[in-house]
Amino acid sequence: MPFSKISPLLAEALTAREYDKPTPVQAAVLETEAEGRDLIVSAQTGSGKTVAFGLAMAPQLLDDNGRFPFLVEPLALVIAPTRELALQVSRELTWLYQPAGAQIATCVGGMDASKERRQLRRGAHVIVGTPGRLRDHLERGALDLKNLRAAVLDEADEMLDMGFREDLEEILDATGENRRTLMFSATIPKPIINLAKRYQNDALRISTVGEDRGHGDIAYQAITVAPADTENAVVNLLRFHEAESAMLFCGTREAVRRLHTSLVDRGFSAVALSGEHTQSERNQAMQALRSKRARVCVATDVAARGLDLPTLSLVVHVEIPRDAETLQHRSGRTGRAGKKGTAVIIVPYQRRKRVESMLRGAKINAEWKDAPTRADIRKNDAERLIETLLQPVEIDEDDMALAKRLMAEKTPEEIAAMLVQSHRAKMPAPEQMLDRGAQSQAAPGGPRPGFEDTVWFKMNVGHNQRADARWLLPVLCRRGHITKNEIGAIRINGDDTLFEIPRRVVDKFTAAIAEKREAGGDDTDDITITQFEGKPRDEAKRNRKNGRGDNAGGQRDYSNASKKFGGKKFGKNKFGDKKFGDKPGGGKPYQKRKPDGEGGSDGGAPKRDFGDGFKKKSEFKGDRKPGGKGNFAGGNKKPHRGKRPFEGSRSGGPKAD
């Protein structure tokens, strides 16, 4: 459907930008039932919401000639959660309203507030700003919103999550009652509905989000890695895809700072965006991305909200999003305006179930894969290099002369090899992943993948020192600079512990142990780790051959075990010399008491014999005595009301009747 219901001047601006037909959200706000009404619009990120609310509020702003009237006071207000999004909205509305003669002012944090107040005094048709700066101008009397005709809340859900509710309420309370209020958001949670009930009248709700909440133009992937491999996985993903622009999302400023520094040290052209950067630094970072001087942006969720980079094709969730909405907003930075994009979630092994649950809730089908290896990256590099070299290029005389000189001194194979080496030297080196087989199943009867060739080490602690794998693993990882997935079998003996690690990490492990031993300062310095010759089975065979019977041969010493088990000694019967029933080797066999007609509870029938120390009330129907009710009829004995199945003290022996 072409743009048939809009002003000719706005249609001219859309044509200049090569807009052939409206997007679904733009078509929805131009429908007849939406004209002049308050709107709550739920649409995917990157679906053209800025142009949509620009077209929706145009009838309230333009005069009969399709132009903006003489400048007297603000006519429209657009509120955005972040500075970048506000500046982006300002740029979009500038080209859309420019043919109609609009004056647009921006009021965002980090800019010169006095310069903004001077611009407001000169006048503006449309004001775009962030909640905090707009509230500041309002309280200082520099902003008059009494005759406002339209108010737009862009990314309203994010503004409420960021704690701007009071600012929004104060700004909207300062506007006139005849305004038109439009709320645009990717999601419509309950706080948005409550805000709409207070500041909107008979609002029409529009939703262009399909049943599949994931973007149709975004391919989702989930990469499972060991926790220590996260940074290496990021490096390999960037090298594998070689995207024109990529965005990496972290959860904190510190994580952004650390990852950005690491990538720059490795040779990536990267910039960082977080709350600790000034507006000037953020502007420089965005300009570097748009001019392609930088290809990677490391950012937090809030700092990257609303960013629109046309060349962005890869989004990497370095840290798992906190919920499905955050996943959607992050991934929405790519796959915009009909372009394809890829969103990759880096998932530590132990958090896979949580990510699977989040993806199910978001109705997103993600492909689970392993992180790219060096071989995968080299293969892609070779294909890209061949594709680049086979493209037609113009060669001048100087280049041809240099080529002939090279051909005279080198063979064609040598020249080609030098060209490939020169090409690879310009790119950061891929990383070796520490572990790829943590979720693999071992072959039947053989070692698990990665442990076919191992070396055994020995620690001087064992069962007698209360050694346990739960605290041995952290000690080995900390002192040996390895991960728990690089530790194989653990054999805990009486006074020592044997463990195996792959031979490929032995050098790193031994060097780290020696470094820790020299540095000291660890609470486990008294634990020594030495390389073990052979395998544990070889030592067991030698012990059996030599007749050894100490702890290493399998005989454990429990002399100190009484401390662990509350002072109880082992090797004695728990109940002393008492014997039970027909247990093998213990007591007399069970004898069933025969009923007789004499009744009474004091004598008569023989009692069931459980040994020398116990009496038990009968629980068998055949044991009931005639002439009375229950086992205690006709006697002076009272029934036992506790839970013990015997009478008398447990330690004092049986009581006499």
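Because the structure is predicted, anything quoted here is derived from the model rather than measured.
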Any side-chain heavy-atom pair of Leu248 and Leu263 under 4.5 Å = yes
Side chains of Phe184 and Val29 in contact at under 4.5 Å (non-hydrogen atoms) = yes
Indicate yes or no for a side-chain donor-acceptor contact from Ser331 to the backbone of Gln328 under 3.5 Å, with no hydrogens or angles considered.
-> no
Can Arg266 and Glu231 be counted as an ion pair, charged N to O under 4.0 angstrom?
-> yes
Does the side chain of Leu39 come within less than 4.5 Å of Met183's, by heavy atoms?
-> no
Contact summary for Asp157 and Ile192, nearest pair of heavy atoms | N-CD1, 3.5 Å
Given Leu204 and Val41, is the side chain to side chain contact (heavy atoms under 4.5 Å, CB included) satisfied, shown in steps?
-> CA-CA 8 Å; Leu204 175 65; Val41 182; over 6 Å; no
Val256 versus Ser274, closest heavy-atom pair with distance | CG1-CB, 4.4 Å
What pairs with Phe240 under ring-ring contact (aromatic ring centres under 6.0 Å, His included), at least two apart in sequence or on another chain?
-> none
Mind checking whether Asn380 and Asp376 have side chains closer than 4.5 Å, heavy atoms only?
-> no
On a heavy-atom basis, the closest approach of Pro372 and Asn236 is O-ND2, 2.9 Å
Please check if any side-chain donor atom of Ser313 sits under 3.5 Å from a side-chain acceptor atom of His241, or the reverse.
-> no
Taking all non-hydrogen atoms of both residues, which atom of Ser245 and which atom of Leu312 are closest, and how far apart?
-> O-CD1, 3.4 Å
Pair Asp38-Thr181, side-chain donor/acceptor within less than 3.5 Å = no
Indicate whether any N or O donor in one side chain lies under 3.5 Å from an N or O acceptor in the other, for Thr326 and Asp323.
-> yes
Are the side chain of Ser357 and the backbone of Lys353 linked by a donor-acceptor contact shorter than 3.5 Å?
-> no
Under 4.0 Å between a Lys/Arg side-chain N and an Asp/Glu carboxylate O for Asp167 and Arg133?
-> no
Side-chain touch Cys250/Val298, heavy atoms, less than 4.5 angstrom = yes
Quick one: CD on Glu92 to CD1 on Ile104, what's the gap to the nearest 0.5 Å?
-> 10.5 Å
Electrostatic pair Glu244-Arg295, nearest N-O below 4.0 angstrom = no
Given the rule in the side chain to side chain contact (heavy atoms under 4.5 Å, CB included) test, do Val225 and Thr230 qualify, once you have shown the distances and angles that lead to the verdict?
-> CA-CA 7 Å; Val225 298; Thr230 300; 4.2 Å; yes
Drop me the distance from Met111's CE to Glu116's CD, to the nearest 0.5 angstrom.
-> 7.5 Å
Apply side chain to side chain contact (heavy atoms under 4.5 Å, CB included) to Leu182 and Ile40, showing your working.
-> CA-CA 6 Å; Leu182 311 178; Ile40 304 178; over 6 Å; no
Atom CD of Glu387: over 12 foreign heavy atoms under 6.0 Å | no
From Glu242 atom CD to Ile377 atom CD1, the distance as rounded to the nearest 0.5 Å | 9.0 Å
Asn178 atom CG, over 12 foreign heavy atoms within 6.0 Å = no
Distance-only, no hydrogens or angles: does the Arg180 side chain make a donor-acceptor pair with backbone N or O of Arg37 under 3.5 Å?
-> yes
If you round to the nearest 0.5 Å, how far is CD1 of Ile223 from CG of Leu237?
-> 5.5 Å
Just by distance, do the side chain of Ser262 and the backbone of Arg258 share a donor-acceptor pair under 3.5 Å?
-> no
How far does CG of Asp399 sit from CD of Glu394, to the nearest 0.5 angstrom?
-> 11.0 Å
Apply side chain to side chain contact (heavy atoms under 4.5 Å, CB included) to Val355 and Trp368, showing your working.
-> CA-CA 11 Å; Val355 174; Trp368 290 86; 4.0 Å; yes
Under-4.0 Å salt bridge between Arg424 and Asp381 | no
If you measure from NE2 on His277 to CZ on Arg282, what distance do you get to the nearest 0.5 Å?
-> 8.5 Å
Do side-chain atoms of Arg149 reach the backbone of Gln60 as a donor and acceptor pair under 3.5 angstrom?
-> yes
Would you indicate whether Glu18, at its atom CD, is surrounded by more than 12 heavy atoms from other residues, nucleotides or ligands within a distance under 6.0 Å?
-> no
Is the backbone N or O of Gly48 less than 3.5 Å from a side-chain atom of Gln26, with the two atoms forming a donor-acceptor pair by type?
-> yes
Heavy-atom donor-acceptor pair, Glu281 side chain to Thr278 backbone, under 3.5 Å | yes
Thr261 side chain vs Arg257 backbone, donor-acceptor pair below 3.5 Å = yes
Short side-chain to backbone donor-acceptor contact, His137 and Arg117, under 3.5 Å | no
Does the distance from a Lys or Arg side-chain N to an Asp or Glu carboxylate O, for Lys146 and Glu73, drop under 4.0 Å?
-> no
Using a 4.5 Å cut-off on heavy atoms from C-beta on, say whether the side chain of Met427 contacts that of Arg239.
-> yes
Glu170 with Arg135: basic N within carboxylate O range, under 4.0 Å | yes
Any donor-acceptor pair under 3.5 Å from Asn65 side chain to Arg67 backbone | no
Smallest heavy-atom separation, Thr334 atom then Gly341 atom, equals OG1-CA, 3.3 Å
Is Val78 close to Leu93 at the side-chain level, that is, under 4.5 Å between some pair of heavy atoms?
-> yes
Is there a side-chain contact between Leu96 and Arg17 (heavy atoms, below 4.5 Å)?
-> no
Relative to the ring of Phe68, is the ring of His125 parallel (under 30°), tilted (30 to 60°) or perpendicular (over 60°)?
-> tilted
Between Val128 and Ala86 the two heavy atoms that sit nearest each other are CG1-O, 3.4 Å
